[in-house]
Structures are given as structure tokens and as C-alpha cells.
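Protein chains get the first letters and strands the later ones, always in sequence-line order, with residue 1 at the start of each.
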Number of protein chains: 2
Amino acid sequence: MITVAIAEDHQSLMDGINLLLKYKEGITIVGMANDGEALLEVVRNKRPEVVLTDIKMPKIDGIAVTKLIKKEFPETKVIAFTMFNQQEAITQMIAAGASGYLLKNSPLEEVLNAINAVSEGNTFFDSAIDLSFLNDDSDTSSKKPVLSKSEREILRYIGQGKSSSEIASLRFTAVSTVEKHRKNMIHKLGLSGKGELLRYALDRKYDF
Amino acid sequence: MITVAIAEDHQSLMDGINLLLKYKEGITIVGMANDGEALLEVVRNKRPEVVLTDIKMPKIDGIAVTKLIKKEFPETKVIAFTMFNQQEAITQMIAAGASGYLLKNSPLEEVLNAINAVSEGNTFFDSAIDLSFLNDDSDTSSKKPVLSKSEREILRYIGQGKSSSEIASLRFTAVSTVEKHRKNMIHKLGLSGKGELLRYALDRKYDF
DNA sequence: GAAAACATACCCATTAGGGGGTATTTTGCG
DNA sequence: CGCAAAATACCCCCTAATGGGTATGTTTTC
């Protein structure tokens, strides 16, 4: 009997998964959550063997909650179930400790296959995912982000519409410090021109 | 027997809907599509009574395909099934001829309720939707877009990262004309501050 | 420990964009 | 045809963001 917890903010999809698993022998859904925070509570209370989680969710996103779950319950298997097929998302979920990665564009039946695979100790990746980038170097999980921690924080604020002076207040630094970080990011990212940094911030799917 | 066609680019959700309706008396799914173009083909070939369609889909979006369907098959009922709870999306789907509007955040069971309602000639709106704006004036279906044609064109260019002078060149006008349009849009949209127009352009779910 | 990366803070300069408008012409609708 | 909306183009102003840097201190990496 495999116990499963699911986090998905679209209730309709949650219901669909429920319908799929409801009559399957050997699998029991022990909890469901519409956000990352609720998922953590479910995992703490119900101790599922497998967690199926979206990435883009309210409160705590799938990557962060996966890290928290793996830290507290290392034996719990986590599967990402998401619309994001980007290398960065995949890399981050794996780095966070996920054993599986499924795309919502794929048949719902894959959820079942993934749950069975990871519960046996295997990994499971959606066949639509090109995993070649994972072979580029052997320490992918320790690969450093292009942007530094401070840069990423500032980029997040930029994406939220904060001006440099607002960001400076939030971080207790001078405005010029924020502007210098901006310039560094623009240079690192190869951008140029007004608004390009904001555009980049908004184009990014996730903050890393 | 109600015949239904479904358009949804996330196959997993499509499968969930299928599971829901599969054993329901009185409803038959006669076709499924992953994009607007395929939906149109399905509707032409299968002539369903009810169409359930996402808005954000590849090729032809839900709004455009609804217009096409209603033009060619006025008796066919269309239900939007989407994550967008914005007034503009709702308004546009209604203007396109949709009889129903469902949110993916709601229970999957609502799909069934909506199908039954519209097949009886009623409208069906997700209870999570605030419809008060629909009462503002009685000619909602002919309601003009907030932004003028030129404004929308300029907004599109802004979203593509063009500067005002670049846009002016593209449109054979003075830069000041473009800037005036920008100010008009900012005022109409109730925005303020640097980058907000770009942000709005990028945040927009659809070009109207 | 040394070097590189990061963080902080400042200097100078330019300009795109937003804020306030006015005025005229063109277009679309009733 | 008249009127309102849209389009065009200009005036003035200010500043946030970007572009070029320098310099120092702190942290991280090898």
C-alpha cells in the first residue's frame, strides 16, 4: 500500500488525480493540499511515502517545499507535477531532492507510473523531457547560479515592481548599491536598454 | 444525451475530465483537442451540443475559437474552463458567445453542473466569479475594449521591448505621439510609475 | 594565505519614460 | 451633419534607470 500526498492549486486537476487513483489497488491518497504550506502540514501529519507536488503554488512553491520535506523526511519520495519543462526548473527540483518529474501536458496515467516507480526506489522522468543537459557535468546538483544571492533577491523585488530606492530601503543599503547590483546583473545577463531587467525578471518563471 | 467536445492543452486535466464524465449518464464526449485549431475541426466533424474550452491554448486561443464556433454553429453552447478570473477575460469570452465560465480552481464536479445547465439553455458561471461588473451597463456584449486600436498596437510593441522611438519608426509617427498614447493608456489603466506599462503589457494574458 | 567573487558606496553622464498639459486634425457613430 | 473619441504633435518638468567608471571591505574558494 503506497501512501500519497498531493499538492496542486487547481482543484479541478486535483479532483482528476483523485478519480484516477481512487480505484487503484495499492495506492491510498492520505492528504491533499492547495498550497505548499498546507502540503508541509499534511506530510508532517500523515507521513506519506510519496508526495506529488506542483511547482507554481501559493505560499511556498514546490521547490522550496520539496527541500523542506526531504530535509525532515529524507525517505519520502517527491514527484514534481508541473507545466514547466525548462531546464532550470527540472534542475532545481532535482537539486531539491525530487525523484520524479512529470509534465501536465502528459496523460494522467503517467502519475500512476511515476508513483509506482519512485516507491520502488527508482527515479521517473516524463518521456517528453530532454534530460541531456543533466549529463553535461557530474556536479549538476552543486552548479552555481549565474546570479548571486543578493542579485537574485533584488531581481525578485524588481519583478514585484519595486524601484531601486524601495529595494534599498528593504535591504538597508544605499540606492547606489542596488543600482550597482542592477548593472552587474545587466552585464552578466547580457542585457541592454531600459526596462530589459524588469522584462527579464518578469520573463523568468521562478526565482532561483 | 448531451454531446460534448473538450479543448484543453494539458492532457492530464483532459484525462481527469474524461474520468469524471465517462460514467455519467446522459453525457458523451465526442471529441477532444489540445489546441484551438483542432477544436474547430472536432466541432465541424462531430457537431457537439456543448464545447468546453480553455482560453490559453496553442494555435487559436479560446476566445477566438469561441467566436468562430458561434458564428458557424450558433446553437452550440460554449463553456470556458480556465485559470483566468479577470474581468477582461470573462467579458471577452461572454462577448465571443460563451454561455458558461468555469475556473480551474474549482472542483471538477462543476464541469458536470455547467454542461447540464447550458444544455438546458441556461448560463452557468463559477460561484467564485464576481459578476457585478456585468451589471454596469446593459450592452456588455457590444462593449468596446478599454484601449483603442492604436493603443493596443503600441502596447504590443512595448511588450516586445520596443522603445518609444522604435515604435514611432514602426508606425511612421512622431515619438511624442507614441508617448502620448502611453500616457493615455497609463491613465486609462490606472497605472503609475516607471515600468508599470511594460509590466502590464507582459502581465496581460491576451492581446485584445 | 592569496585570489576571486561578492557587497557596498560613491563619482559622472545620458535619456527614456512618466507626470502635467494644450491644440489641431481625423475618424467613427448616431 | 454634429459630436465625441481617437490620433497626432507639441510644450514643460522631473527622475529612475542605464551606461561608464573607481574604490574599499567582506566573504568565499582554492
Enumerate the protein-to-nucleotides 22-26 of chain C contacts in which both atoms are nitrogen or oxygen and the separation is below 3.5 Å.
from: C:dT22; atom 1: O4; to: B:K180; atom 2: NZ; distance (Å): 3.4

Report the distance from atom CG of A:N184 to atom P of C:dA5, rounded to the nearest whole Å.
12 Å

State whether A:S148 places a side-chain N or O below 4.0 Å from either non-bridging phosphate oxygen (OP1 or OP2) of C:dA7.
yes

NA contact type, B:S176, heavy-atom cut-off 4.0 Å: base, sugar-phosphate, or nothing?
base

Please state whether the phosphate of D:dT8, meaning OP1 or OP2, lies under 4.0 angstrom from any side-chain nitrogen or oxygen of B:H181.
yes

In whole angstrom, give the distance that lies between atom NZ of B:K183 and atom C1' of C:dG21.
8 Å

Tell me if a side-chain donor or acceptor on B:D54 pairs with a main-chain N or O of B:M57 at a distance below 3.5 Å.
no

Applying a 4.0 Å non-hydrogen cut-off, can you work out what A:K188 is touching in the nucleic acid: base, sugar-phosphate, or nothing?
sugar-phosphate

Phosphate contact (D:dT8 OP1 or OP2) by B:T173 side-chain N/O below 4.0 Å:
no

Nearest whole angstrom, please: distance from the P of C:dA7 to the CE of A:M185.
10 Å

Approximate separation, where rounding is to 0.5 Å, of A:L108 CG and A:L13 CG:
7.0 Å

When rounded to the nearest 0.5 angstrom, what is the spacing between CD in B:E120 and OG in B:S99?
12.5 Å

Say you draw a straight line from OG of B:S176 to NZ of B:K183; how long is it, rounded to the nearest 0.5 Å?
9.0 Å

Phosphate oxygens OP1/OP2 of D:dT8: is one of them under 4.0 Å from a side-chain N or O of B:R171?
yes

Apply the side-chain hydrogen bond (donor to acceptor under 3.5 Å, both in side chains) test between A:E151 and each candidate in A:R182, A:R156, A:H181, A:K188; give the one that qualifies.
A:K188

At what distance, to the nearest 0.5 angstrom, does CD1 of B:I17 lie from CG of B:L112?
11.5 Å

Test your reading of the model: is there a side-chain donor-acceptor pair from A:N34 to the backbone of A:A7, 3.5 Å cut-off?
no

Checking B:R47 against B:T76 for the side-chain hydrogen bond (donor to acceptor under 3.5 Å, both in side chains) test, could you report, in this order, the C-alpha distance in whole Å, the side-chain angles of both residues, the deciding distance, and whether it holds?
CA-CA 8 Å; B:R47 306 294 176 84; B:T76 304; over 6 Å; no

Just compare C:dG17, C:dA9, C:dG19 and give me whichever is closest to any side-chain atom of B:S192.
C:dG19

Nearest-neighbour nucleotide for the A:A174 side chain, C:dG18, C:dC10, C:dT8 considered:
C:dC10

Just checking A:L197: base, sugar-phosphate only, or nothing, at a heavy-atom cut-off of under 4.0 Å?
sugar-phosphate

Nearest-Å distance for atom pair CD/C1', residues B:E153 and D:dA6:
14 Å

Here's a test of your reading of the structure: between B:V175 and B:K149, which maps to the more 5' nucleotide of DNA chain D?
B:K149

Atom pair distance, as rounded to whole Å: CD in B:E166 and P in C:dG17
9 Å

Looking only at side-chain N and O atoms, does A:S150 come under 4.0 Å of OP1 or OP2 in C:dA7?
yes

Between D:dA16 atom P and A:K162 atom NZ, what is the distance in whole Å?
16 Å

Atom CD of B:E151 and atom P of D:dA5: how far apart are they, to the nearest Å?
13 Å

Base, sugar-phosphate alone, or nothing: which one does A:S165 contact when heavy atoms must sit under 4.0 Å apart?
nothing

Could you state the interatomic distance from CE (A:M14) to CD1 (A:I29), rounded to the nearest 0.5 Å?
8.5 Å

Straight-line distance of B:L102 CG to B:N113 CG, nearest 0.5 Å:
8.5 Å

Please report the end-to-end axis angle for the helix from C:dG1-D:dC30 to C:dG30-D:dC1, five pairs per end, rounded to 10 degrees.
70°

Checking B:T177 side chain against B:T173 main chain: does a donor-acceptor pair fall under 3.5 Å?
no

Length of the line joining A:I186:CD1 and C:dA16:C1', which is rounded to integer Å
13 Å

Applying a 4.0 Å non-hydrogen cut-off, can you work out what B:S164 is touching in the nucleic acid: base, sugar-phosphate, or nothing?
sugar-phosphate

